[in-house]
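So the structure is just underneath, and the comments pick up after that.
Letters go in sequence order (proteins before strands), and every chain restarts at 1. Remember, it's a predicted structure, so these values are computed and weren't measured experimentally.
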Amino acid sequence: MIRVAGIADKMAKNQKQIAISEFFEKNKHFLGFDSLQRSVITAVKEAVDNSLDACEEARILPEIKVKISKIDSNKDILELQTEDNGPGIPQKSIEKVFGQLLFGSRFHAIRQSRGQQGIGITGVVMYSQLTTGKPTHVISKIASDPTAVSVNIGLDTRKNKAVKSDQTRIIWENDDQTMKEHGLRVTTRMKAKYQRGRQSVFQYLRMTSIVNPHAEITFTDPDGETFHWPRVTERLPSKVDAIKPHPHGIELGQLQRMCRESSDSRMTVFLRQNFSGVSMRAAKELCEAAELEITTKPKSLKPDDVRALLEAFQGEREVNGKAIKLLSPPTNCLSPIEEMLIKKGLSKTIDSKFVATMTRAPTVSHGNPFQVEVGLIFGEGMVADKHVEVLRFANRVPLMYQQGGCLLTKAIESVDWRQYGLEQAGGKGVPKGPAAILVHLASTNVQFTSEAKEALSDNEFVFEETRRAMLEMGRGLRKHLEKKKKMAKTREKFELINDILPAIAEKSASILERPVPDLAGSITKIMSAVICNESTTWNKETKQVDVSITLFNYTSRSRSYSLLVNWPEKSGGEMVGNERGGRKEAMGIWGWKIETLEPGEKAVLEYSLSNLEKGDWTETEVFFRGSQDVIGATKLDEKMLVEIRKQEEILNQSDAPAEEGDANVTYEPGVVEGDSGQTTLFGGEN
Amino acid sequence: MARVNDPELTKARLHLVVEEMYDRIVKGEPPTMTLPVRTKNNIGFDKKLGVYKYGKKRSTRDATSLGSAKNLLRALHVVEFIEEMIEAGKSSTLREMYYISESWGLGKFGSQNESNNLAEDLEVVTTCLREDFKLRPEEDGARMIGNVTIEELNRRGQWMTINARDDVGDSGYGVPYNVEIEKIRLKEHDVNFLMAIETGGMFDRLVENGFDEEYNCGLIHLKGQPARSTRRIMKRMNEEWDLPVIVFLDGDPWSFRIFASIAYGAIKTAHISEYLATPSASYLGITADDILAYDLPSDELSKKDIEALNAELSDPRFADGWWQDQINMMLEIGKKAEQQSLAKYGLDFVTDTYLPEKLGEMGLA
């Protein structure tokens, strides 16, 4: 028997050894190491995601350097080096971080984080070792140590443990010979192929820089060419709070584990303290529905009890014929990039005239808070006859594969873009045109179609939110194109009266040998309109946005108008040097009265916007109140103004601290809250 | 209309165009240029002249859009340019004028089409001819073979006598761009009729087969849509020598248009139709009948062909019964055929069979 046991033990050990490398081999598709081209992207991804997450947690503005070099082209051996200025990893934790599968502090916490992909950096260490036999070299420095640790990490696949070697402490200097305060450098060699194009390290880093505008990223490719994506904001993403799971979003296994690990003395305490959205009343009702005593210890629940509890959670068990009402989970656990920063991120990588962005209000699907953000960039510089570039992100992580099967792509495809000025065969599919569309889903629980984690699975609520945001983008684009067309027409008219008409007058006078006639009358007849010219420009010297609006009266009667403009009041902009005064009409809307404008006269409104950065505000929309149409301005929709004012009120109210446990605020499972009241100046035609 | 041939009168008429613009500005109105509408909706049959002329519809080009304002400015530059040429005793081609416009700043032409159209506009408005404006076309005239003798004034100022059968090679006599009396005199001939031919291939076939001598006729190669000088010299021979003009073209909608421009006047040059058109010209073929009767190799009508045929149905120049029948028949059979498809029956078929039969029907053979 002992003999047998010994063999079994040995077999088990062997099995484990086989299991881990086999596990890797069998799952390399999910782990992102299924092809030589993809392996290097995955490796960069794991390292960079870790760096960004670590910097964010430590509240450090990230500086990330990535360098890929060819070591042996014949055998496709690449060296990848990534370096950050993050907090570093304490010496004793290095082997855990780099050498253990499923290590991570985020295993239980429910919050938005990047690191939901693959098995993390350990996978990279393992892949390197399996393909080159070489360990991964790590230098780590934490602020409190005077020196850095330098160590080689390999893997003992038999024991699923890291193997350290050549560990020393070194002095780590920056290029300029100053001491590196803190940071991490990982150098590893692997069998991999570097490629360019849509699925490349370059594209991954470019996309990463778009959604991480606070990061400074430098990339040196195998040809020695260096790319640099600068930091465009000093603002770190807001710190996200971990939230407790919501009963609507929990699965049986998780619930069983939570019960098993609970040390609570009674069910009501367990329910209220381990879940979000559960009030005292709801806790009691849940127990009642599941036919559990309030005083039962959660640890002692039998499998059937747990199942019953889950059914109560999901509304399948009722009390008095009603599902138990639960509060919405809090949404402050989400960290959207936010409109202005998406705009900056997009603008720095793509040169263009028009950028529209939108961050939808956070909402909930199946107990999971989520938030959709979209951006649309349009401009002459981009390729016009190809499909628009779709930039997909989940929790700030670029999604680069399986575009067609992704929910976010489907939401884009569901919009008839033709009405917004893009080409689209049959009004379906990804549109064509000189544009790029960005979609970002922030959620505590991102659902993918497969373990490869490259495409989001269908979810009608996320779909609907994304689609709505797309429609809004589309309306913005249409407005922009219409305005551009109008402006072009206006420019033509000005060319006509400023250049061509005087030339006609002079030439005809010279041929006939007569005096050059006065043009005023002809000009009024030709223009026969009131024309508004707007210019919004960044003033380098004053670091302000200068706005100038000129209203010309080229009609034969005197006119009177109110002119209104939009301005970035909500984003903290300040209006200065506005000598004509006027008044605030609503949040972000300023107005002036122009009493009389005689034929041939013009009125000029000038002001500057301070407290903004370059690129924050590039286009001012001008509205008018008055009977005669104004070319270059939009007739004010009074309903829109009322709507903005209403929004403002709601906003002010919701700024007040919400009372905890307000039993009146309930929510129905799986119902997206209304329009979330997001009306912009582009109006509410859905 | 006739030749003005008087520099002062030409200038005075051009000044009227300039004055219209100037006076409008003085009155506080946008400057304008008024001219007849130059589309098929504004051509009508002039009974006295027997050709189609522009009707009474006039359009006003006013400077309320950038495009037409630029057009007015260009017109002024052209007027000035013509005056300069008249005074300096020079002339230029339309193409040269297009290039000269490079220095006209805001008034420069965007394409040669624009400069050609503007020259025609000015002809129409002033009722002068472009020869009065000292503007020459780029287009080259026809080739002609047959026992016809003309006198042409050469560069050295000498009158040369040329017989278009005996004094020329196989390519025939080249018709110059100016065929007016000061340049070309029609001396004598011994032919019974003139035959205008669309394609070079067919012209060469008839020459090689000696058709001009056998049937005692003059052959003229039109080179597609005939140039003004080609139409003008046919008109002169028709009028001065009383020669019938027979037109032998491909059988498709575009050839019908060529015929219309020869016989009734082209829409673009309807202001000088009586000067270019030969109302008595007759269409020999290829007709829609021929395609069926001779079972000619044919092509399907394209979408554009069908559009063109339908447009011709409402074109006043094709309003008579014979043409309506031909056009409708072509639409019905949905086919078109080239002149050279007659080669189906051998190289001599056209001269031995087809033309004698057709001319016989017309009483010419």
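- No hydrogens or angles considered: a donor-acceptor pair under 3.5 Å links the side chains of B:S91 and B:R136.
- Looking at heavy atoms from C-beta onward, B:H77 lies in side-chain contact with B:L73 at the 4.5 angstrom threshold.
- Closest non-hydrogen pair, B:T126 versus B:V17, comes out as CG2-CG2, 4.1 Å.
- There is no side-chain donor-acceptor pair under 3.5 Å between A:W590 and A:N566.
- Only the side chain of B:D23 has a heavy atom closer than 4.5 Å to any heavy atom of chain A.
- With a 4.5 Å cut-off on non-hydrogen atoms, B:E83 touches chain A through its side chain but not through its backbone.
- Residues meeting the ring-ring contact (aromatic ring centres under 6.0 Å, His included) test with B:Y99, sequence neighbours left out: none.
- Among B:M21, B:H15, B:K27, the residue with the largest count of heavy-atom pairs under 4.5 Å with chain A is B:H15.
- Looking only at heavy-atom pairs under 4.5 Å with chain B, the residue among A:E492, A:K507, A:K489, A:E495 that has the most is A:K507.
- Contacts of A:P515 with chain B are made by both backbone and side-chain atoms, with heavy-atom separations under 4.5 Å.
- Annotation: side chain of A:R625 is not in contact with side chain of A:Y561 (no heavy-atom distance under 4.5 Å).
- Using a 4.5 Å heavy-atom cut-off against chain B, the contacting residues of residues 521-535 of chain A are A:G521, A:S522, A:K525, A:I526.
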One pair to check against salt bridge (Lys or Arg N to Asp or Glu O under 4.0 Å): A:E598 and A:R557. What are the steps and the verdict? CA-CA 7 Å; A:E598 297 297 334; A:R557 286 199 290 152; over 6 Å; no
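- Side-chain contact annotation: B:S261 with B:Q225, donor-acceptor N/O pair under 3.5 Å present.
- The salt bridge (Lys or Arg N to Asp or Glu O under 4.0 Å) test applied to A:D546 returns no partner, not counting sequence neighbours.
- For A:D499, the parts lying under 4.5 angstrom from a heavy atom of chain B are both the backbone and the side chain.
- At a threshold of 4.0 Å, the pair A:E482-A:K485 does not count as salt-bridged, since none of the basic side-chain nitrogens sits closer than that to a carboxylate oxygen.
- Contact count against chain A (heavy-atom pairs under 4.5 Å) is highest for B:A63 among B:P31, B:A63, B:G67.
- A cation-pi geometry, defined here as NZ or CZ lying under 6.0 Å from the six-membered ring centre and within 45° of its normal, holds between B:R232 and B:Y275.
- Between chain B and the residues A:A503, A:S508, A:S510, the most heavy-atom pairs under 4.5 angstrom are made by A:S508.
- Just one of B:D305, B:D299, B:D252 meets the side-chain hydrogen bond (donor to acceptor under 3.5 Å, both in side chains) condition when paired with B:K336; it is B:D305.
- Contacts between residues 415-427 of chain A and chain B, counted as heavy-atom pairs separated by less than 4.5 Å, involve no residue at all.
- Geometrically, A:R514 engages B:Y22 in a cation-pi contact defined by less than 6.0 Å to the ring centre and at most 45° from the axis.
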